[in-house]
Amino acid sequence: MRKHKKDGKFIFDVKGDDVHLAVDLVKSIYETKVDKIILMSGDGDFESAIKLAKDKDKIVNLCYFEKSISKNIFNITNQKYLINKKTLN
C-alpha cells in the first residue's frame, strides 16, 4: 500500500496487486485441482499467467470492462463476459 497526498488529503493506493493476483493464479495451477479460472481484469500483465494456465489445460474465463481490456488476453481466454450497467442490473 502506498500513501500520498492529493489536494491536501491523504490517498492510499494498492501497488502491485496484479502481481499478487498473477502469483495466486500460478500457485492455483500447480498446488490445487483447479479446472477453471475466472479472471476479473482486463490487464495485459496477466497474459503470461493465462498462457501457462492454458498450457496446463485449464479453462480461463474473463470478466472485463469494455474500456480497460487488453486485446492479447481477450484473444487467449475461453469465454468472455462484459461487465457494464446492463449486465449488473
Side-chain angles (χ1 to χ4, degrees):
M1 184 163 290
R2 178 179 65 131
K3 175 181 166 184
H4 60 93
K5 207 171 195 178
K6 182 177 179 181
D7 299 327
K9 296 180 181 179
F10 285 105
I11 306 290
F12 295 90
D13 293 335
V14 176
K15 297 301 287 175
D17 55 335
D18 54 345
V19 173
H20 298 293
L21 288 172
V23 169
D24 285 346
L25 194 154
V26 171
K27 283 174 61 177
S28 69
I29 292 167
Y30 286 102
E31 295 179 358
T32 62
K33 294 183 179 185
V34 174
D35 296 324
K36 184 184 292 184
I37 296 164
I38 301 171
L39 179 64
M40 297 187 72
S41 174
D43 192 333
D45 290 344
F46 290 101
E47 183 177 354
S48 296
I50 293 169
K51 285 181 178 179
L52 176 65
K54 302 277 291 183
D55 288 346
K56 298 293 182 184
D57 298 320
K58 307 300 180 186
I59 296 168
V60 182
N61 294 341
L62 177 67
C63 299
Y64 67 97
F65 295 100
E66 190 171 21
K67 294 187 178 191
S68 61
I69 180 66
S70 160
K71 289 181 183 179
N72 291 345
I73 67 167
F74 186 87
N75 291 331
I76 62 174
T77 52
N78 295 92
Q79 291 183 322
K80 292 91 173 158
Y81 303 96
L82 174 63
I83 301 170
N84 59 24
K85 288 182 182 181
K86 184 179 177 182
T87 59
L88 293 175
N89 288 329

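The closest side-chain heavy-atom distance from K54 to V60 is below 4.5 Å. Using a 4.5 Å cut-off on side-chain heavy atoms (C-beta onward), I83 and Y64 make no contact.
When atom types are taken as modelled, the side chain of D43 and the backbone of D45 share a donor-acceptor pair closer than 3.5 angstrom. Not one N or O on the side chain of K36 forms a donor-acceptor pair closer than 3.5 Å with the backbone of N61.
The cluster map of Ile, Leu, Val, Met, Phe, Trp and Tyr, joined by side-chain heavy atoms under 4.5 Å apart, puts F65 and L88 in the same cluster. Under the 4.5 Å side-chain contact rule for hydrophobic residues, I59 and I73 do not share a cluster. Linking ILVMFWY side-chain heavy atoms closer than 4.5 Å, directly or via other members, places F74 and L39 in a single hydrophobic cluster.
Taking CD1 of I50 as the reference point, atom CD1 of I29 lies at 9.5 Å (rounded to 0.5 Å). Distance CG/N75 to NZ/K80: 7.0 Å, rounded to 0.5 Å. With rounding to the nearest 0.5 angstrom, the NZ atom of K56 is 12.0 Å from the CD1 atom of I37. Atom CD1 of residue I69 and atom OG of residue S41 lie 7.5 Å apart, to the nearest 0.5 angstrom. Note that the CD atom of E47 and the CD1 atom of I76 stand 5.0 Å from one another [nearest 0.5 Å].
When all heavy atoms are compared, the tightest approach of V34 to S28 is CG2-O, 3.7 Å.
For the side-chain contact (heavy atoms from CB on, under 4.5 Å) with F46, the lone residue among T77, L62, N72, L21 that qualifies is L21.
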